[in-house]
Amino acid sequence: MHKSAGFAIKSFRSVAYHTSSCTLPNPSASLIHEFTQFCYQRNLPRAMEAMDAMHKHGIWADSITYSELIKCCLARGAVEQGKRVHKHLFSNGYHPKKFLINVLISMYVKFNMLDDARELFDQIPERDFVSWTTMISAYANAKLNDKALEFLILMLREGVKPNMYTYSSVLRACDGLSNLKQLHANIIKSGLDSDIYVRSALIDIYSKWSQTGNALRVFNEMATEDLVIWNSIIAGFAQNGDSDEALKLFKRMKRAGFPAEQATLTSVLRACTGLALLELGRQVHVHVFKYDQDLILNNALLDMYCKCGSLEDADTVFTRMVVKDVISWSTMIAGLAQNGYSREALRLFESMKVSGLKPNYITFLGALFACSHAGLLEAGWYHFRSMKKLFGVDPGREHYCCMIDLLGRAGKLDDALELINEMECGPDVATWRTLLGACRVHRNVDLAIHAAKQILRLYPQDAGTYILLSNIYANAQRWNDVAQIRRTMNDMGIRKEPGCSWVEVNKQIHAFILGDNSHPQLDEINKHLTRLIQKLKGVGYVPDTNFVLQDLEGEQREDSLRHHSEKLALVFGLMSLSKEQTIRIRKNLRICGDCHLFAKLVAKVEHRIIVIRDPIRYHHFRYGVCSCGDYW
DNA sequence: TTAGGGTTAG
C-alpha cells in the first residue's frame with residue numbers, strides 16, 4: 001500500500017519542480033510547491049495550512065521538507081503542530097522514510113515527551129542505530145539509567161551495532177563501576193576509544209565515580225587537540241577535591257598552548273576555592289573579564305571569593321552581575337553567613353525573595369546557617385517553618401541540623417532533642433554530632449554520652465566523636481573516662497586526624513601539621529611564638545586549657561596548646577607577610593577556643609587582619625574581635 | 001536524524 005503512495009509523491013515532486021518556473025496547472029503540484037516554500041521560509045502557520053490541504057488531497061511532500069517543518073516546530077515549541085505532522089505522515093497507509101521517523105522520534109525527545117517517542121519507536125519495524133541511539137541518549141539525559149542500559153542491551157541483541165554517539169550517551173547512564181568497566185572494554189574492542197566524544201564521556205564518568213586515576217589514564221592514552229577533553233579532566237580533579245592535580249593539569253594545558261575558556265576557568269576557580277588560594281584566584285579573575293557576563297563563571301568567582309574570605313571582592317562581583325540565578329544568591333547568602341555576616345546574609349535573603357526568585361533547598365541552608373551562627377532563634381524558626389509552607393521545600397536532614405545547632409548553641413538542648421525526635425527523615429550521624437557539639441559547649445555530660453552512643457552505634461569508627469567525648473570528659477575532669485576512651489581508640493585502631501593548617505605566602509602554600517617538624521623555619525617560628533606568648537600574657541592572655549585532651553598538669557597543659565597547627569601557621573604568617581597583608585589560614589579541624597583567643601589578641605597587639613577558615617566557617621580577626629562574635 | 005566539558009551546602 002505505502003509503496004504506491006511513495007511512488008505518488010515522487011511523481012508529484014517532479015511535477016512541482018518541473019513547473020516551478022511557469023504556471024502551475026496541477027493543483028497537487030502547486031500545493032506541494034506552496035508547502036515547500038512556507039517550510040523553507042519558516043512560516044509555520046501557512047505551512048500547516050498547506051499541509052492540511054495536502055492531507056485532504058492525500059498527497060505528501062518529500063522527507064527533507066518535512067524535516068524542515070519539524071525544525072520549525074521545535075524552534076517555536078509548537079508541540080501540537082509537531083503531533084499533527086506526525087499524524088499526517090502516518091495517515092492513509094503512507095509510511096515515511098526511516099530517516100524521517102528518526103526525526104520524529106528526536107522531535108518528541110526534544111519536546112521532553114519520552115513516552116510519545118517510545119510509542120513511535122515501538123511501532124516501527126526496522127530501527128537503525130540512530131533510532132536506538134536517540135532513545136538511549138534521551139533516557140540517559142532524563143537520568144533513567146536503567147532504561148538507557150536496557151536499551152543498549154536490546155540494541156545489541158537485535159544485532160544493531162552501537163557507534164560513538166551511542167557509547168558517549170550510554171556512558172552517562174552508568175550507575176556502577178562494573179557496568180562502566182564492561183562498557184569500557186566494549187568500546188576498546190570496537191575501536192571507538194579514540195573518538196573524542198567517547199573519551200571525554202569516559203573521563204567524565206570515571207571522575208563522577210571518583211576514579212580520577214582511571215580518568216587520567218584515559219586522558220594520557222593519547223595526546224589531545226581537543227579543549228573539551230582538557231576541560232573534562234581538569235573538572236574531574238577539581239570536582240573530586242584534588243585541587244593540586246587540577247591546577248597541575250591546567251598548567252600543562254597552558255604549556256601545550258591551549259586557551260582557557262569558560263569551562264576551564266570555572267574548574268580552575270573551583271580548585272582555587274578548594275585550596276583557599278586567593279592570589280591565584282585573583283589572577284584567574286583577570287581572565288574572566290573576557291567572559292564578563294558568563295553566569296556559571298561568575299557564580300564560581302563569587303564562591304571563590306567567599307571561600308577565600310574576601311567578602312569585599314565577592315560583593316563587587318555580585319553587584320556587577322546583570323543576571324543572577326538562584327545559585328548566585330545562594331552562594332552569596334551562604335558566603336556572608338559563613339564569614340560571620342549573618343544579618344547581612346538574612347537581609348540578602350529577603351532581597352532575593354522580593355526579587356521574585358524562589359529560594360531552593362540550598363538557599364535555605366545558607367539562611368538557617370546564618371540564624372544558627374548568630375543565635376537568631378526566632379528568625380530561625382520562622383525560616384524553617386516557611387520553607388515548606390511558603391516555598392514548598394521539604395526540610396532535609398541538613399536543615400534540621402542547622403535548627404538543632406541553633407537550639408543547641410542557645411542552650412535549649414531539650415528542644416533540640418525534641419526536634420530530633422520529630423524528624424521525618426530520621427536522625428543520622430551528622431544530626432547527633434551537632435547535638436554532641438552543643439552538649440560540649442553547655443557541658444551537658446549526660447546528653448553528650450547519649451548523643452555519642454547514637455553516633456558510635458551508626459558509625460563505630462568515628463574518631464571525631466571519641467575526641468569530642470573525651471574533651472567533654474576532660475572538661476568535667478573525668479580523667480578515668482578519658483583514659484577509657486583512649487584505650488578503646490587504641491584497641492580499635494582509631495586515630496585522631498592530626499590538626500593541619502595552611503597559610504599562603506608569596507603564592508606558596510605552607511603546611512603545618514601537628515607533630516610534623518619538617519618546616520625549615522620551625523626553630524625560628526617557635527622562638528617567635530615564645531616571645532609572642534609572653535607579650536600576649538602581658539596584655540592578659542591566659543591559655544584556655546579547657547581544650548587540652550590529655551590528663552596533664554599546669555605548664556604541660558599550656559605546652560600542648562602551643563603546638564596547635566594554626567598557631568604555628570599564624571606566627572609564620574606574621575613573620576613572612578607585611579603588615580598590610582591579610583594573614584589567611586585554612587585548617588582541617590575546627591578552631592579551638594584557645595587558638596581563637598590567641599588570634600584575637602594577635603590581631604589587636606600586632607595590628608593585623610587575620611582570616612582563619614575551618615571546615616564549617618570563617619573567622620575574621622580584626623582589632624581584637626572576631627566576626628563570629630565568639631559564637632561558633 | 002543520534003554524542004562530550006563549567007557554578008551553590010556538608
Side-chain angles (χ1 to χ4, degrees), chain A residues 63-64 66-67 70-71 74 96-107 109-110 127-138 140-141 162-172 192 195-205 207 226-236 238-239 246 260-271 273 288 291 294-304 306-307 324-335 337-338 359-369 396-399 401-402 428-430 433-434 615-617:
Chain A
S63 301
I64 303 289
Y66 285 115
S67 89
I70 290 168
K71 270 188 214 161
L74 278 167
K97 282 187 182 164
K98 210 156 55 176
F99 145 77
L100 195 51
I101 297 173
N102 284 338
V103 174
L104 277 172
I105 295 175
S106 152
M107 175 192 79
V109 168
K110 285 177 184 152
R127 295 167 288 214
D128 63 1
F129 58 97
V130 176
S131 342
W132 282 102
T133 302
T134 307
M135 290 309 298
I136 289 172
S137 161
N141 284 338
N163 68 355
M164 55 280 252
Y165 288 74
T166 325
Y167 280 122
S168 59
S169 299
V170 80
L171 277 170
R172 267 177 295 137
L192 291 167
D195 179 81
I196 51 172
Y197 286 80
V198 174
R199 280 182 73 204
S200 65
L202 276 168
I203 291 171
D204 215 40
I205 190 74
S207 304
D226 186 70
L227 190 53
V228 175
I229 301 253
W230 278 103
N231 291 342
S232 304
I233 191 72
I234 294 172
Q239 285 162 358
E261 38 105 271
Q262 291 100 312
T264 332
L265 294 172
T266 306
S267 297
V268 172
L269 280 173
R270 185 166 170 157
T273 307
V288 173
Y291 306 105
D294 186 294
L295 180 62
I296 299 179
L297 192 41
N298 276 329
N299 285 345
L301 200 54
L302 267 184
D303 191 44
M304 185 276 291
C306 287
K307 294 240 168 65
K324 300 180 182 87
D325 66 357
V326 65
I327 296 183
S328 331
W329 288 89
S330 306
T331 305
M332 200 63 206
I333 291 166
Q338 289 168 331
N360 68 11
Y361 191 94
I362 291 171
T363 325
F364 273 105
L365 281 181
L368 291 176
F369 188 95
R397 286 206 182 100
E398 293 98 330
H399 301 96
C401 251
C402 284
D428 68 348
V429 171
R433 215 180 267 154
T434 307
I616 308 281
R617 64 166 303 152

Notebook entry, point to check: Between B:dG6, B:dT1, B:dG10, which one does the side chain of A:Asp204 approach most closely?
Noted result: B:dG6

Next item on the list: Would you check if A:Asp325 and A:Ser328 make a side-chain contact, meaning some heavy-atom pair closer than 4.5 Å?
Entry: yes

Check: What nucleic acid atoms does A:Leu297 come within less than 4.0 Å of, heavy atoms only: base, sugar-phosphate, or nothing?
Finding: base

Item checked: Among B:dT8, B:dG6, B:dT2, the nucleotide that comes nearest once only the side chain of A:Ser137 is considered -> B:dT2

Notebook entry, point to check: Which of these nucleotides, B:dG6, B:dG4, B:dG10, is closest to any side-chain atom of A:Ile196?
Noted result: B:dG4

Note to self: Within the 4.0 Å heavy-atom criterion, would you say A:Lys97 contacts the bases, only the backbone, or no part of the nucleic acid?
What the structure shows: nothing

Next item on the list: Please confirm whether any donor atom in the side chain of A:Ser169 sits under 3.5 Å from an acceptor in the base of B:dA3, or the reverse.
Entry: no

Next item on the list: Describe the nucleic acid contact of A:Ile229 in one word from base, sugar-phosphate, nothing, applying a heavy-atom distance below 4.0 Å.
Entry: base

Item checked: Contact check, side chains of A:Gln239 and A:Ser267, non-hydrogen atoms, under 4.5 Å -> no

Margin query: Taking any heavy-atom pair under 4.0 Å as a contact, classify A:Glu261: base, sugar-phosphate, or nothing.
Written below: base

Next item on the list: Please report, rounded to the nearest Å, how far the C1' atom of B:dG4 is from the CD1 atom of A:Ile234.
Entry: 15 Å

Notebook entry, point to check: Partners of A:Arg433 by salt bridge (charged side-chain N to carboxylate O under 4.0 Å, His left out), sequence neighbours excluded?
Noted result: A:Asp462

Next item on the list: Rounded to the nearest angstrom, tell me the gap between atom CD1 in A:Ile333 and atom P in B:dG10.
Entry: 14 Å

Next item on the list: Using a 4.0 Å heavy-atom cut-off across all strands, classify A:Lys324 as base, sugar-phosphate, or nothing.
Entry: nothing

Margin query: In whole Å, I'd like the distance from the CD1 atom of A:Ile136 to the C1' atom of B:dG4.
Written below: 16 Å

Next item on the list: Evaluate the side-chain proximity of A:Thr134 to A:Val130: yes if any heavy-atom separation is below 4.5 Å, no if none is.
Entry: yes

Notebook entry, point to check: Which nucleotide in the set B:dA9, B:dG6, B:dT2 lies at the smallest distance from any side-chain heavy atom of A:Lys307?
Noted result: B:dA9

Next item on the list: Would you mind classifying the nucleic acid contact of A:Asp195 as base, sugar-phosphate or nothing, using non-hydrogen atoms under 4.0 angstrom?
Entry: base

Margin query: Nearest to the side chain of A:Gln239, heavy atoms from C-beta on, is which of B:dT7, B:dT1, B:dA3?
Written below: B:dT7

Item checked: Sugar-phosphate only, base, or nothing, as touched by A:Asp294 at under 4.0 Å among non-hydrogen atoms -> base

Item checked: Touch class at under 4.0 angstrom, heavy-atom based, for A:Thr331 against every strand present -> sugar-phosphate

Note to self: So A:Asn163 and A:Thr166, do their side chains get closer than 4.5 Å, heavy atoms only?
What the structure shows: yes

Checklist line | Touch class at under 4.0 angstrom, heavy-atom based, for A:Arg270 against every strand present | finding: sugar-phosphate

Check: Which part of the nucleic acid, if any, lies within reach of A:Phe369 when heavy atoms closer than 4.0 Å are counted: base, sugar-phosphate only, or nothing?
Finding: sugar-phosphate

Notebook entry, point to check: Any donor-acceptor pair under 3.5 Å between the side chain of A:Asn299 and the base of B:dG6?
Noted result: no

Note to self: Please pick, from B:dT2, B:dG4, B:dT8, the nucleotide with the shortest atom-to-atom distance to any side-chain atom of A:Ser106.
What the structure shows: B:dT2

Note to self: Heavy atoms from C-beta onward define the side chain here; which of B:dT8, B:dG6, B:dT2 lies closest to that of A:Asp303?
What the structure shows: B:dT8

Margin query: For a quick check of understanding: with a heavy-atom distance under 4.0 Å over all strands, which category does A:Ala235 fall into, base, sugar-phosphate or nothing?
Written below: sugar-phosphate

Next item on the list: Would you mind reporting whether A:Ile333 and A:Ser330 have side-chain heavy atoms less than 4.5 Å apart?
Entry: no

Note to self: So, OP1 or OP2 of B:dG4: does either fall under 4.0 Å of a side-chain N or O from A:Arg172?
What the structure shows: yes

